[in-house]
> 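First the structure, which I've put down as structure tokens, then a few questions once you've had a look.
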Amino acid sequence: MTPPPLSRTPTTFSPTSSNLTAVESQIERVFVGKKDVVRRSLTTFLAGGHLLIEDVPGVGKTTLALSLAKTTGCTFQRIQFTSDLLPSDILGVSLLNPRTQEFDFKKGPLFHQVILADELNRATPRTQSALLEAMNEHQVTADNQTYPLPRPFFVVATQNPHEHHGAFPLPESQLDRFMMRLSIGYPDAESEKSILSQNIDIDSLHQLEACLTLPDILALMDQVHQVRVASPVDDYILALVRATRRASRVEVGVSPRGALALRKATQAYALMQERDYVTPDDVKALAGAVLAHRLIFSSEQVSDTRLESERLIESLLQEVPVPL
């Protein structure tokens, strides 16, 4: 069956899609010189995914998460993960109500729309696993009761890749829950000078204004699913995914969940650019961020898995034919 022709001109779905440009501009007032990181973060947010940021301290991970929450009008909660943090500390706990003599569930800090899970790899595997249900199903189960989380629900987790003492590496099952993995990196000289001259710090976030309402956000998230992905583009995504499974040094390639994540991410990425269709260039732009952290290498052959996985995705993008 012949796929429908792609649109040749950008299509704006509704007036709210143009507000995404205002959101980006607001964030870039305090998160200077990293436009691509801002766009990919917003892409993950609109696609209903979660974001893992691996980088050294002080490059703006907290600033990015908090500014995204402020400009989208979402509630925000920062959770500092430590080795003594318990699952109930983030999910909530049932307490006896002396007036009714019944147990009432006191919601934990996870019941917010944007969550900054700071230094997630410092928590024990038991506490890390408490996030699994929340991230995948947008709900929490405690004492045999299920409690829905607010919508949108967006987790921004951070970890320092250079610290290993007292850290618990995230298991593959949890890494696979993150739609994208990003590294911010240091700003260029001009951007860093701008940060110094304008004295941009965490207090500067108070100047930011919300550019979207909750109905706007939910409408945009619904519109992501309406962005068309032509059959050749689906074939291109599948070819990339299947190529990771055949790579000689890879023990476990990208799963179908990873393929779905890449597809959803490209739909949101197209919407960010006010298009109603996905192009192969969208796939190429996001493949590294969406797929690299899902690869498992043979331990005896690879010393730096992050660098090796990113290089492998780049090489596959050069090898796999791009649909015309």
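Reckoned from all heavy atoms, side chains included, excluding hydrogens, waters and symmetry mates.
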> So, using ring-ring contact (aromatic ring centres under 6.0 Å, His included) as the criterion, who are the partners of Tyr147 when residues are at least two apart?
Phe105

> Is there a side-chain contact between Pro152 and Leu214 (heavy atoms, below 4.5 Å)?
yes

> Please name all residues satisfying salt bridge (Lys or Arg N to Asp or Glu O under 4.0 Å) with Arg242, sequence neighbours left out, ordered by chain then number.
none

> Search all heavy atoms of Ser183 against all heavy atoms of Val37 and return the closest pair with its distance.
O-CG2, 4.4 Å

> Nearest 0.5 Å, please: how far is CD1 in Ile79 from CD1 in Ile90?
5.5 Å

> Transitively linked via ILVMFWY side-chain contacts under 4.5 Å: Val290 with Leu238?
no

> Suppose the criterion is salt bridge (Lys or Arg N to Asp or Glu O under 4.0 Å): which pairs have a residue in residues 111-121, not counting sequence neighbours?
Arg78-Asp118, Glu119-Arg122

> Should Leu64 and Val156 count as side-chain neighbours, where that means a heavy-atom distance under 4.5 Å?
no

> Pair Val224, Lys264 - check side chain to side chain contact (heavy atoms under 4.5 Å, CB included), show working.
CA-CA 8 Å; Val224 167; Lys264 290 178 183 177; 5.6 Å; no

> Using modelled atom types and a 3.5 Å cut-off, is there a donor and acceptor pairing between side-chain atoms of Thr44 and backbone atoms of Leu51?
no

> Out of curiosity, does Val254 fall in the hydrophobic cluster containing Leu316 (side-chain heavy atoms, cut-off under 4.5 Å, transitive links)?
yes

> In Å and rounded to the nearest 0.5 Å, what is the CG to OG1 distance from Leu91 to Thr141?
9.0 Å

> Are any side-chain N or O atoms of Asp282 and backbone N or O atoms of Thr279, one a donor and one an acceptor, separated by less than 3.5 Å?
yes

> What is the minimum heavy-atom distance between Cys211 and Asn19, and which atoms define it?
O-ND2, 3.5 Å

> Does atom NZ (Lys34) have a neighbourhood of more than 12 heavy atoms from anything else shown, all under 6.0 Å?
yes

> Which pair of heavy atoms, one from Met179 and one from Ala265, lies closest together, and at what distance?
SD-CB, 4.0 Å

> Tell me, do Leu96 and Phe103 make a side-chain contact under 4.5 Å, heavy atoms counted?
yes

> Do the ring planes of Phe153 and His50 sit parallel (below 30°), tilted (30 to 60°) or perpendicular (above 60°)?
perpendicular

> Might you point out which heavy atoms bring Leu149 and Ala134 nearest each other, and give the distance in Å?
CD1-CB, 3.6 Å

> Residues two or more places apart in sequence or in another chain: which of them pass salt bridge (Lys or Arg N to Asp or Glu O under 4.0 Å) with Arg263?
Asp234

> Name all pairs fulfilling the side-chain hydrogen bond (donor to acceptor under 3.5 Å, both in side chains) condition that reach into residues 62-76, sequence neighbours left out, sorted by first residue then second.
none

> Is any side-chain heavy atom of Leu66 closer than 4.5 Å to a side-chain heavy atom of Val30?
no

> Which residues satisfy the side chain to side chain donor-acceptor pair (under 3.5 Å) test with Glu137, sequence neighbours excluded?
Gln139

> Is it the case that one hydrophobic cluster holds both Met135 and Val114, taking links as side-chain heavy atoms less than 4.5 Å apart, direct or via other members?
no

> Does Asp84 have any salt bridge (Lys or Arg N to Asp or Glu O under 4.0 Å) partners at least two apart in sequence or in another chain, and if so, which?
none

> Using side chain to side chain contact (heavy atoms under 4.5 Å, CB included), reason through Leu46 and Leu20 one step at a time and then give a plain yes or no.
CA-CA 10 Å; Leu46 289 178; Leu20 292 172; 3.8 Å; yes

> Taking atom CZ of Arg29 and atom CD of Gln207, what is their separation to the nearest 0.5 Å?
5.5 Å

> Going from CG on Leu295 to CD on Glu251, what distance comes out if it is rounded to the nearest 0.5 angstrom?
11.5 Å

> Are Leu120 and Leu175 in one and the same hydrophobic cluster, where Ile, Leu, Val, Met, Phe, Trp and Tyr link if side-chain heavy atoms are under 4.5 Å apart?
yes

> Heavy atoms only: give me the nearest Val233-Pro280 pair and the separation to one decimal.
CG2-CD, 4.3 Å

> Just wondering, do Leu240 and Thr244 contact through their side chains at under 4.5 Å, heavy atoms?
no

> Of all heavy-atom pairs between Leu182 and Ser41, which one has the smallest distance, and what is that distance?
CD1-OG, 3.9 Å

> Looking at Ile184, is its backbone amide N or carbonyl O close enough to the side chain of Asp55 to form a donor-acceptor pair, meaning the two atoms are under 3.5 Å apart?
yes

> How about Arg126 and Pro87: do any of their side-chain heavy atoms sit closer than 4.5 Å?
yes

> When you compare the side chain of Glu310 with that of Arg181, does any pair of heavy atoms fall below 4.5 Å?
yes

> Could you grab the distance from atom CG of Leu271 to atom CG of Leu42, nearest 0.5 Å is fine?
11.0 Å

> For Pro98, is there any backbone N or O sitting under 3.5 Å from a side-chain donor or acceptor partner on Gln101?
yes

> When you measure from the side chain of Asp188 to the backbone N and O of Glu190, does any donor-acceptor pair fall under 3.5 Å?
yes

> Quick one: are Arg306 and Pro161 in side-chain contact, heavy atoms under 4.5 Å?
no

> Return the set of residues passing ring-ring contact (aromatic ring centres under 6.0 Å, His included) with Phe178 (not counting sequence neighbours), or none when no residue passes.
none

> Give the C-alpha distance, both sets of side-chain angles, the deciding distance and a yes or no for side chain to side chain contact (heavy atoms under 4.5 Å, CB included) between Leu68 and Phe45.
CA-CA 9 Å; Leu68 188 148; Phe45 174 73; 4.0 Å; yes

> By salt bridge (Lys or Arg N to Asp or Glu O under 4.0 Å), which residues pair with Asp176, not counting sequence neighbours?
Arg257, Arg294

> Any donor-acceptor pair under 3.5 Å linking the side chain of Lys61 with the backbone of Val56?
yes

> So Leu131 and Phe81, side chain to side chain contact (heavy atoms under 4.5 Å, CB included) or not? Walk me through it.
CA-CA 12 Å; Leu131 281 177; Phe81 281 76; 4.1 Å; yes

> Measure from the side-chain N and O atoms of Arg40 to the backbone N and O of Ala285, and report whether any donor-acceptor pair falls under 3.5 Å.
yes

> For Phe111, check ring-ring contact (aromatic ring centres under 6.0 Å, His included) against everything at least two apart and list the hits.
none

> Got a sec, which pairs hit side-chain hydrogen bond (donor to acceptor under 3.5 Å, both in side chains) with one end in residues 107-117, sequence neighbours left out?
none

> Can you tell me how far the CD atom of Gln174 sits from the CG atom of Asn121, to the nearest 0.5 Å?
10.0 Å

> For Tyr186, check ring-ring contact (aromatic ring centres under 6.0 Å, His included) against everything at least two apart and list the hits.
none

> Hey, quick one: are Leu52 and Phe154 part of the same hydrophobic cluster, counting side-chain heavy atoms closer than 4.5 Å, chains of contacts allowed?
no

